[in-house]
Amino acid sequence: MLKITYIAHSAFILDDGKYKVALDPFITGNPNATIKLEDVKPDFIFVSHGHGDHIGDTIELAKANDSTVITIADLAYYLNKKGIKTHDMNIGGEYEFPFGTLKMTMAQHSAGSLEGESMGNSTGAIISMGGRKVYFAGDTGLFVDMKFIGEISKPDVLMLPIGGNYTMGIDDAVKAVELINTADIVIPMHFNTFPVIKTDVEKFKNKIADIGKKAIVLGYGETISL
Ligand code: NI
Ligand code: MN
């Protein structure tokens, strides 16, 4: 069984009862986050890219919990210099962690730099954990290789950005679900945090229902078991 807690924005906690993996833990400065930083306690943290709304509280959380940060090599190098324990990866690579496997995927999105260090590329992750296979897309536009993510990795849960402006909007996210095809459950993310990514999540829910899949819209701080 896999417990998924939605912090807000693109921040989640995956919990299989033994390990906790935080995804893009943006809590401080996140207007919708209700969970307290000290309650997150991750064993691992996956950071999709170096933008502030994704790296978020990674440094503080990793320091406080002795967490290992899984991220692209360039961002890992930056975190190493801050004294953070990392497991660096790159796009296309897969590794067996104590909680399960994680395969790093591409994401069509910029990554920028922090304090003069390149953040490399933006990524996503396909995470096998608690009997589930979750594709956390990170920040991305639609890309046709998502078809191969479906064919090769066969995820059964998708976490997709739907807010538009910086990432896919509703229609492209629906197309992504169709391209991947193997997942019946879709959890939308990266919307309604800032005015520019405000979107009608009910519309997304209905469009996903129209293609025979299910969108689960999580409340801030809500946990579901899958
Ligand atoms: Ni971004
Ligand atoms: Mn973002």
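Counting starts at 1 for both ligands and their atoms, following the listed order.
- No donor-acceptor pair under 3.5 Å is formed between the side chain of Asp139 and the backbone N or O of His109.
- Between His9 and His190, the ring planes lie tilted relative to each other; the angle falls in the 30° to 60° range.
- Pairing each heavy atom of Gly221 with each of Ile35, the nearest pair is CA-CD1, 4.0 Å.
- Around the Ni ion (ligand 1), the protein atoms of type N, O or S that sit closer than 2.8 Å are His49 NE2, His51 ND1, His109 NE2, Asp139 OD2.
- When atom types are taken as modelled, the side chain of Thr140 and the backbone of Gln108 share a donor-acceptor pair closer than 3.5 angstrom.
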(message) Let's go through Asp24 and Ser10 carefully: what are the C-alpha distance in whole Å and the side-chain angles of both, what is the deciding distance for side chain to side chain donor-acceptor pair (under 3.5 Å) to 0.1 Å, and is it a yes or a no?
(response) CA-CA 6 Å; Asp24 286 350; Ser10 294; 5.2 Å; no
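- Across every non-hydrogen atom of Pro161 and Thr167, the tightest pair is CB-OG1, 3.4 Å.
- Closest non-hydrogen pair, Lys133 versus Ser128, comes out as CE-OG, 3.2 Å.
- Nearest heavy atom pair, residue Ile7 against residue Ile27, reads CG2-CG1, 3.8 Å.
- Note that NZ of Lys213 and CD1 of Ile208 are 9.0 Å apart. Values are rounded to the nearest 0.5 Å.
- Of all protein N/O/S atoms, those lying under 2.8 Å from the Mn ion (ligand 2) come to 4.
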